[in-house]
Amino acid sequence: MRKIECDVAVIGAGPAGLAAAAKAKEQGAQRVLLMDRDRELGGILNQCIHNGFGLQLLAEEMTGPQYAEYFIEEAKKAGVEMMLHTMVLNVGADRKIHAINEHEGLMEIQAKAVVMAMGARERNRGGVVIPGARPAGVFTAGAAQRYVNMEGYMPGKRVVVLGSGDIGLIMARRMTWEGAKVEAVLEIMPFPSGLTRNIVQCLEDQGIPLYLGHTVTRVHGKDRVEAVTVSKVGADFRPIPGTEWVIPCDTLLLSIGLIPENELTLEAGGKLDSVTNGPVVDDEMSTSIPGVFACGNVVHIHDLVDNVTREAWAAGEGAARFVTGRQPSGQTISTAAGEGIRYVVPQIVHTDNLEARDVRLSMRVTAPADRVRVEAVLEDEVVYSKAERVVRPAEMVALTIPKGTVSREAAQAAAAAGHKLVVRVTKRDTAAQGGNKS
Amino acid sequence: MNRRTIRTDVVVIGAGVVGTGIARELSRYDVDVVLVEREADVAWGTTKANTALVHAGYDADPGTNKARFNVAGNAMYPRITQELGVMYKNTGTLVVATAPDQVPHLNELLERGKANGVPGLEIIGRERIVELEPFISSDAIAALWAPTGGITSPWELAIAYAENAVDNGVTILLSSPVTAIDVEGGRAVRVHTPDTTIDTQFVVNAAGLFADEIAGMVGARDFNIVPRKGEYYLLDKRAGHLARHPLFPVPTAFSKGIVVTPTVDGNLLVGPNSQVVEGTSDLDTTAAGLDEVITGARRLVPSIPLRDNITNFAGLRATAQPSGDFVIGPANGVPNFINAAGIQSPGLTAAPAIALEIVNLLGEAGLKLVEKPDFNPIRPRPARFEEMDDDQRSAAAARDSRWGHIICRCESVTEGEIVEALHRSVPCTTLDGIKFRTRAGAGRCQGGFCGPRVVAIIARELGISPDAVTKKGGTSRVLVGPGKQQCSCSCGKCADEGHVGEGETHA
Ligand SMILES: Cc1cc2nc3c(=O)[nH]c(=O)nc-3n(C[C@H](O)[C@H](O)[C@H](O)COP(=O)(O)OP(=O)(O)OC[C@H]3O[C@@H](n4cnc5c(N)ncnc54)[C@H](O)[C@@H]3O)c2cc1C
Ligand SMILES: Cc1cc2nc3c(=O)[nH]c(=O)nc-3n(C[C@H](O)[C@H](O)[C@H](O)COP(=O)(O)OP(=O)(O)OC[C@H]3O[C@@H](n4cnc5c(N)ncnc54)[C@H](O)[C@@H]3O)c2cc1C
């Protein structure tokens, strides 16, 4: 068995892994190894051949592959070593990794730090329990996307999409462009789970109806899907009897959410957050296992790749600081989701960093709202806030607390007294603008 | 259509665990056997949709076929699964009483089990139960412990039986529904499928849910099959620890109740309910049925997490009316037509013993049984990456680089295993066939990741177009045709790297 040693091993070469690897190298890690099981670098971006990537970070509208290309170049320039077709089988708490590929066979990699960037998998039919038959023709939207965009084959001609996640919306449009008829998109929630621009461009512009508050209650067909029964749901999300109708179709695409791919993290002994399904991380993107970092969809599901890259830079830097002995002192304070917030990442912030750096908190709101303030609260005092015109569950909200806003001492004292740094949304009554300290 | 005629000594109709077992036991002898199956693969009837338990044998009434073959079959499991390289775990099973008025039933089962010859039965108290099952309901007060109970993989057993049979000379015809049987002079003499006529000395009816129709073909429909549906949840391996043994509630008149059990692969299986249905092909799950299942299961293990559900499925019990018992023996008036019908639960457990009995009955009916000197009872377990240690993995990948290429991420299945499964003695041509043989696509993402990759491997290995690959034979094609966007570029890379989109080029 081949044995390899490195400073930082990065698992997964999607946008998260690519940016983390380059950043680790830039920040002083010596040997940085980037591994992916797929045949190319770029992760999920390779199948996203639509526009809409990089607007925030690169001020340019790119396709998924173009965005990936930019960061592949960056990683290459930085001197990151890359291994494709390489599956990581397990990671130990001692940061010993087993991986395998066709050329090298089984390898043992001893890393000083590890970055978990394995992305997410799609929730499938079992995840939402759709009764009925089990014929061919039920696909997750991502699998269908792979067939169409990468293999060049059509998974069906007459399509119903369940779930209004971005992949489903993009695929509704793609299938239409490819000559298929998309009969409907059904969403169980009263609001769409995909980005507004995707609702407009992928559904409205294509004339595809979106049924909010609806779901599929039965799949029909012996060999291949022949139809689905759909139904309106009540406030309890259960189908309302009498509202059902049948839509003939040969394909059901599922776009019902992504689940962070944390089997490796769990096996290594990392602690997961039950809301995000990702590892609990601090603001250096360290997991609960010393020397093991994480970023991207493996931590929480992102809607914009730009945010993935930002988070990955933090993880890459965290890993480099770890291997070069520059990590913060260790005093921390927990964050918490308050009123109107579903979760906050990171779950833990170093008090050193609060004093010395800008600290970025990412979160999801529980329901759509307009004219709100997003507030960071410590011991009942709003320490920082910003106004948002609209917030939606589909769109991640970020709050960057400028360095020094909270002093190390204040944070430590609060933590010692059992307080958390709470983030909440409140309704705005005055038309305050932009970020400010209050 | 091009019809062909073949000649044989015995036709076995139905390649479930019963039919494949019979074919395999017959392959010990110098006898020509043709195993005929209407589906594109073996094990796709009830054999692929049941609870996978090797029952101890205390359920059935003493003196019934069910009781006799259950206990005998159970005793054969350790050896048969070892010979055939099939997973089997002798876990022991528990029938758990969750209310005081249920306790007398445990004693009844104990007595019945003793009468059936089940060894080692014992009533245990709450303390022992909790030791055995930390996640059991706080209502559990007593249980029947059956140390000979266990779990297995039903399709592994049927596939292994079939492969071992074919290795020992049996002919298997897949995608071949029997449509008619000619009877001459009170004997079944010819079996017809759409493209083959089989002249034969004997016929065995192991057609599961369709056994009454097959019996009708020789004018001996002495029983009717009434299907009873059972629905299931299959949970992620993450939830596998919630039950260490198969856990039964105290049974009702119709079924052994909703079971919570580990599977041999480490998942948690929950079900079945019991619902009489109209058709023998109604395998739909229903919202009401699934609710019933989860509610029932949580009475035994309250913490079953629905969010770890991977898939749902349903199976049909082939209950023979009027007897309700296994129908084993020659049909009335057609002595060379032997039924192995109405094999509902505990049919999986009983199958190895039923196979021996059918061979005996064929002998009694006049089939000459001369043992073949070269019969090989061993069918080695196909190598699995997931089951290897590091050294074995290294060696496998060094021998053949395809064993270093993981295709199914959830179950760690390599390209090497998939290719191997496509070229064994029983043909495998479908996505489901690969799933049952290798577990590629059987894990938590249910083929979301590996589906496209497995389709490509099947197409390549069988020399067919990807859009000709089916999920489960017939018209179950996975893809409906090429996309509009097949590259127009002449780069030559598209085949290997996939097609890029409009206006894109390869990296
Ligand atoms: C269809 C779709 C449309 C989107 N649209 C937009 C958009 O328009 N604009 C936008 O900005 N963002 C968009 N996003 C969001 C954004 O692109 C994703 O959130 C981002 O790609 C996630 O990056 P990642 O690196 O965390 O994960 P991934 O890109 O999924 O990368 C993870 C990588 O890890 C590898 N891996 C996993 N496990 C292992 C292992 N054990 N061993 C080796 N390798 C492993 C995988 O092969 C994969 O390559 C979209 C996402 C999707 C899916
Ligand atoms: C819900 C449920 C749970 C169960 N749990 C257990 C358990 O835990 N333990 C246990 O011991 N038993 C259990 N059983 C019983 C067990 O599954 C069955 O007894 C066993 O699988 C029967 O096997 P078989 O070969 O008779 O039937 P099948 O597997 O149905 O095989 C019959 C085959 O015949 C083929 N066929 C039909 N018609 C034709 C035709 N015209 N031409 C050619 N081929 C044809 C079918 O395609 C099929 O492949 C359970 C059953 C059910 C339904």
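Side chains are part of it too, since the values below use all heavy atoms of this structure and drop only hydrogens, waters and symmetry mates. Naming convention: chains lettered A, B, ... in sequence-line order (proteins, then strands); numbering from 1 in each chain.
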Trainee: Quick one: does any side-chain atom of A:D250 pair with a main-chain N or O of A:V159 as donor and acceptor, under 3.5 Å?
Mentor: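 Judged by distance alone, no pair lies under 3.5 Å.
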Trainee: Select one option (side chain, backbone, both, neither) describing which atoms of B:D400 are under 4.5 Å from chain A's heavy atoms.
Mentor: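 The answer is neither part of B:D400.
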Trainee: Without swapping roles, check the side chain of A:N124 against the backbone of B:R444 for a donor-acceptor pair under 3.5 Å.
Mentor: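 Judged by distance alone, yes, a pair lies under 3.5 Å.
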Trainee: Highest number of heavy-atom pairs under 4.5 Å with chain A: which of B:T414, B:T311, B:D390?
Mentor: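 It is B:D390.
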Trainee: Regarding B:R38 and the six-membered ring of B:F210, is the cationic atom NZ or CZ under 6.0 Å from the ring centre and inside 45° of its axis?
Mentor: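 Yes, B:R38 sits over the ring of B:F210.
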Trainee: What part of A:R218 gets closer than 4.5 Å to chain B, counting heavy atoms only: side chain, backbone, both or neither?
Mentor: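 When you check distances to chain B, only side chain atoms of A:R218 fall under 4.5 Å.
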Trainee: Could you tell me whether B:D432 and B:K471 make a salt bridge, using a distance below 4.0 angstrom between a side-chain N and a carboxylate O?
Mentor: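 A salt bridge links B:D432 with B:K471.
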Trainee: Which one, B:V478, B:T286, B:I310, leads in non-hydrogen pairs under 4.5 Å with chain A?
Mentor: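 Top count of heavy-atom pairs under 4.5 Å with chain A: B:V478.
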Trainee: Heavy-atom cut-off 4.5 Å, strictly under: side chain, backbone, both or neither for B:A287 against chain A?
Mentor: both
Trainee: Checking heavy atoms, do the side chain of B:S465, its backbone, both or neither come under 4.5 Å from chain A?
Mentor: side chain
Trainee: Centres of the A:Y147 and A:Y153 rings: under 6.0 Å?
Mentor: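 Ring centroids of A:Y147 and A:Y153 are no less than 6.0 Å from each other.
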Trainee: Does a donor on one side chain sit under 3.5 Å from an acceptor on the other, for B:E292 and B:T295?
Mentor: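 No pair is found: no donor N or O on one side chain lies under 3.5 Å from an acceptor on the other.
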Trainee: Which bit of A:V219 is near chain B, if near means a heavy-atom gap under 4.5 Å: side chain, backbone, both or neither?
Mentor: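 When you check distances to chain B, only backbone atoms of A:V219 fall under 4.5 Å.
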Trainee: Please output the residues of residues 452-462 of chain B in contact with chain A, using a heavy-atom cutoff of under 4.5 Å, in numerical order.
Mentor: B:P452, B:R453, B:V455
Trainee: Looking at chain B, which one of A:R123, A:H220, A:E102 has the largest number of heavy-atom pairs inside 4.5 Å, strictly under?
Mentor: A:E102
Trainee: Using heavy-atom distances under 4.5 Å, tell me whether B:Y233 contacts chain A through its side chain, its backbone, both, or neither.
Mentor: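 Only the side chain of B:Y233 comes within 4.5 Å of chain A.
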Trainee: Where on B:R238 is there a heavy atom nearer than 4.5 Å to chain A: the side chain, the backbone, both, or neither?
Mentor: side chain
Trainee: With a distance cut-off below 6.0 Å to the six-membered ring centre and an angular limit of 45° from the axis, does A:R146 pair with B:F449 as a cation-pi contact?
Mentor: no
Trainee: Can you classify the ring geometry of B:F436 versus B:W44 as parallel (below 30°), tilted (30 to 60°) or perpendicular (above 60°)?
Mentor: tilted
Trainee: Name the region of A:R121, side chain, backbone, both or neither, that has any atom closer than 4.5 Å to a heavy atom of chain B.
Mentor: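 Its backbone and side chain both get close to chain B.
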Trainee: Taking the side chain as everything from C-beta on, heavy atoms only, tell me whether B:Y232 gets closer than 4.5 Å to B:N312.
Mentor: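 Of all side-chain heavy-atom pairs linking B:N312 with B:Y232, none is under 4.5 Å.
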Trainee: Indicate the ring-plane relationship of A:F53 and A:Y67, choosing parallel, tilted or perpendicular according to the 30° and 60° boundaries.
Mentor: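 A:F53 and A:Y67: tilted rings.
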Trainee: State whether A:D223 and A:R134 are salt-bridged, where the test is any N-O pair (Lys NZ or Arg NE/NH1/NH2 against Asp/Glu carboxylate O) under 4.0 Å.
Mentor: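 Answer for the salt bridge query: no.
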Trainee: Which bit of B:L283 is near chain A, if near means a heavy-atom gap under 4.5 Å: side chain, backbone, both or neither?
Mentor: both
Trainee: Tell me, out of B:G416, B:A397, B:S401, who's got the most heavy-atom pairs with chain A below 4.5 Å.
Mentor: B:S401
Trainee: Does one side chain, of B:T430 or B:T470, offer a donor that lies under 3.5 Å from an acceptor on the other?
Mentor: no
Trainee: Please identify, among A:A143, A:P155, A:G105, the residue contributing the most non-hydrogen atom pairs under 4.5 Å to chain B.
Mentor: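 When all of A:A143, A:P155, A:G105 are compared, A:P155 has the most.
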Trainee: Which one of B:A398, B:A314, B:S412, B:G474 has the most heavy-atom pairs closer than 4.5 Å to chain A?
Mentor: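 Looking at each of B:A398, B:A314, B:S412, B:G474 in turn, B:A314 comes out on top.
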Trainee: I'd like to know if A:E263 pairs up with B:R409 as an ion pair, taking the criterion as any Lys NZ or Arg NE/NH1/NH2 lying under 4.0 Å from an Asp or Glu carboxylate oxygen.
Mentor: no
Trainee: Can you say whether A:H98 sits under 4.5 Å from chain B via the side chain, the backbone, both, or neither, judging by heavy atoms?
Mentor: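 Answer is side chain: those atoms of A:H98 sit under 4.5 Å from chain B.
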Trainee: Please list, chain by chain and in numerical order, all residues satisfying salt bridge (Lys or Arg N to Asp or Glu O under 4.0 Å) with B:K237, sequence neighbours excluded.
Mentor: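 If we apply the salt bridge (Lys or Arg N to Asp or Glu O under 4.0 Å) test to B:K237, skipping adjacent residues, the hits are B:E411.
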